[in-house]
Amino acid sequence: MSENEPLILGIETSCDETGVGIVRGQTLLADAIASSVEEHARFGGVVPEVASRAHLEAMVPTIRRACETAGIKPSDVDAVAVTSGPGLAGALLVGVAAAKGLALSLDKPLYGVNHLAAHVAVDTLEHGDLPKGAIAMLVSGGHSSLLAVEDITVGVEPMGATIDDAAGEAFDKVARVLGLPFPGGPYVDKAARDGGDALYVRFPRGLTSQRDLERHRFDFSFSGLKTAVARWVEAKRRDGEDVPVNHVAAAFQEAVCDVLTRKAIDACKDRGYEHLLIGGGVAANSRLRAMAEERCSAAGIAVRVPRPGLCTDNGAMVAALGSELVRAGKSPSPLGLPADSSMPITTVLNS
């Protein structure tokens, strides 16, 4: 780590995690997170107003904690980066307002960045410079996307996306059907690992038929899978039979991971890329990581996945993208930077 590298503070508030990360160059110094997930659990999903209020309460303490962990003062930073979209409008507003106030008071440049692009950039903190040419697969509660990335500081090219439910959303809904807690991803993963048989029942793989591939080769659909699981479980209960939760969780998870990895490898082959980057909360799933490693190895493709703690929403990823933009000499965002809940993935820096 060189003292000449930029020191960036990143703020993330796109959903229910208040994240503040501090990065010097590509070295992570602090990653402080305050989660409001327990406040949402009783509702079975994220409540936007509750998330916004939690961000307001957590913002200053989380910034303070990150600075203490990194051993710096706020005035030491070279720039402030913040998620300006996409995400929940109210939640984004809290982070953007805090970043503006911090940048203005410190007289530091402000970089409003794309949440999805930040999920790609966070890999630099674990594995160094991104390859010149890679497919990024982002899988989370709100997004399932395949992106072609030549240079993250210039932009990304969308290749495919979910046409209905994102993978993470399907995990949450299937968990609810199985009586597992919210958020569903970690609990479905654990249930599958605890003796689940992925071959117990074969659930459908959306958009994988020859006809679908002609129109939606790189797109995803998990709504039909979610419905198939729900109907299978309902039929069992209607017949008075016990539902084998572990087996259903494993079979559902297998279907999701099968489609994700199959299409990601196809995208790599289509572009002639030898690297696959995986990010987003679902990238923490143990079966997805194992299947991606196994299938990519057989296809001669190198897989880069950050450790699970960096896959979920955090401030480190925002700081990482901010650092890449500063190092590339990109101009900062204006102080009139908006919070854009539908910010397109093609916009990496809101300027």
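- A salt bridge links Arg295 with Asp258: the closest approach of a Lys/Arg side-chain nitrogen to an acidic carboxylate oxygen falls below 4.0 angstrom.
- Taking the six-membered ring where tryptophan is involved, the planes of His115 and His119 are perpendicular, since the angle between them exceeds 60° and thus also 30°.
- From Leu7, atom CG reaches atom CG of Leu29 across 6.5 Å, with rounding to the nearest 0.5 Å.
- Note that CD of Glu12 and CE of Met317 are 4.5 Å apart. Values are rounded to the nearest 0.5 Å.
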Under 3.5 Å, which donor-acceptor pairs do the side chains of residues 324-334 form with other protein atoms, sequence neighbours left out?
from	atom 1	to	atom 2	distance (Å)
Glu324	OE2	Gln26	NE2	3.2
Glu324	OE2	Arg327	NH1	3.0
Arg327	NE	Glu5	OE1	3.3
Ser333	OG	Gly112	N	2.9
Ser333	OG	Asn350	O	2.5

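- We find that Arg176 and Asp172 are not joined by a salt bridge, their nearest charged nitrogen and carboxylate oxygen being 4.0 Å or further apart.
- The minimum heavy-atom distance between Val303 and Ala292, with the atom names listed, is CG2-O, 3.7 Å.
- For Asp107, the CG atom sits in a loose shell: 12 or fewer heavy atoms of surrounding residues, nucleotides or ligands are nearer than 6.0 Å.
- A salt bridge links Lys73 to Asp76: at least one charged side-chain nitrogen sits closer than 4.0 Å to a carboxylate oxygen.
- A salt bridge is defined here as a Lys NZ or Arg NE, NH1 or NH2 lying under 4.0 Å from an Asp or Glu carboxylate O, and Lys226 with Asp164 fails to meet this definition.
- Taking the side-chain contact (heavy atoms from CB on, under 4.5 Å) definition, one finds that Leu56 meets it with Val94, sequence neighbours left out.
- Of the residues Asn285, Val282, Asp194, the one that meets the side chain to side chain contact (heavy atoms under 4.5 Å, CB included) test with Asp189 is Asn285.
- Considering only heavy atoms from C-beta on, Phe203 comes within 4.5 Å of Val248 through its side chain.
- Ser144 places a side-chain N or O within donor-acceptor distance of the main-chain N or O of Ala167, the cut-off being under 3.5 Å.
- Listed by first then second residue, pairs satisfying ring pair (Phe, Tyr, Trp, His ring centres under 6.0 Å) with a partner in residues 233-264 read Phe171-Phe252, Tyr200-His247, not counting sequence neighbours.
- No continuous path of hydrophobic side-chain contacts links Leu92 to Val113 [ILVMFWY only; heavy atoms under 4.5 Å].
- At least one donor-acceptor pair closer than 3.5 Å links the side chain of Asn314 to the backbone N or O of Thr312.
- The backbone N or O of Ala58 lies less than 3.5 Å from a partner atom in the side chain of Thr62, making a donor-acceptor pair.
- Expressed to the nearest 0.5 Å, how far CD1 of Ile301 lies from CD1 of Ile135 amounts to 9.0 Å.
- Going from atom OG1 of Thr227 over to atom CG of Asp165 covers 7.5 Å, rounded to the nearest 0.5 Å.
- Here the shortest heavy-atom pairing between Ile22 and Ala70 reads CD1-CB, 3.9 Å.
- Side chain of Lys108 to main chain of Leu102: no donor-acceptor pair is present (N/O by atom type, distance under 3.5 Å, no hydrogens or angles).
- In this view, Ser209 and Arg211, Asp212 satisfy the side-chain contact (heavy atoms from CB on, under 4.5 Å) rule, not counting sequence neighbours.
- Here Lys263 contributes atom NZ and Met159 contributes atom CE; the two are 11.0 Å apart, rounded to the nearest 0.5 Å.
- Remark: Leu9 CG to Asp78 CG distance equals 11.0 Å, nearest 0.5 Å.
- Grouping Ile, Leu, Val, Met, Phe, Trp and Tyr by side-chain contacts under 4.5 Å, direct or through others, puts Val37 with Val46, Leu88, Phe182.
- Between the side chain of Thr18 and the backbone N or O of Met59 there is no donor-acceptor pair closer than 3.5 Å.
- Within a 6.0 Å radius of CD in Glu38, other residues, nucleotides and ligands contribute 12 heavy atoms or fewer.
- Ser52 contributes a side-chain N or O that, together with a main-chain N or O of Ala91, makes up a donor-acceptor pair within less than 3.5 Å.
- Between Arg193 and Ser286, the closest side-chain pair of non-hydrogen atoms falls below 4.5 Å.
- Taking Leu93 as the reference, Ala339 meet the side-chain contact (heavy atoms from CB on, under 4.5 Å) condition, with sequence neighbours excluded.
- Side-chain atoms of Asp219 never come within 3.5 Å of backbone atoms of Thr162 as a donor-acceptor pair (strictly under, hydrogens ignored).
- The main-chain N or O of Leu116 is found under 3.5 Å from a side-chain atom of Asn114 such that the two form a donor-acceptor pair.
- One finds a salt bridge joining Lys173 and Glu169 here, because a Lys/Arg side-chain nitrogen approaches an Asp/Glu carboxylate oxygen to under 4.0 Å.
- At least one donor-acceptor pair closer than 3.5 Å links the side chain of His40 to the backbone N or O of Val47.
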